[in-house]
Amino acid sequence: MALLAWTGDHRRMRRTDLDRVGFMPWTPIFFVSLIGALILLGLAAREWIVS
């Protein structure tokens, strides 16, 4: 999800027609999904180390 949001934000920043504004808040979607992925990765690493 973070990769999709990052790609969408990248496309938004490089658009040629400035009047074509989108409706998706790509930057907050990216940060929320990145934080979620990092939390899940941390939980998985903790379980892996304990076992």
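Since we're looking at a predicted model, the values are computed, not measured. Position 1 is the first residue of the sequence; numbering continues from there.
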First locate atom CZ of Phe30, then atom CG of Leu3, and finally report the distance between them rounded to the nearest 0.5 Å. 9.0 Å

Give me the one residue out of Val32, Ile39, Leu38 that meets side chain to side chain contact (heavy atoms under 4.5 Å, CB included) with Ile35. Ile39

On a heavy-atom basis, the closest approach of Leu34 and Ala2 is N-CB, 4.1 Å

To the closest 0.5 Å, what do you measure between CZ (Phe31) and CG (Asp9)? 8.5 Å

Which of Arg11, His10, Arg12 passes side chain to side chain contact (heavy atoms under 4.5 Å, CB included) with Arg14? Answer is His10

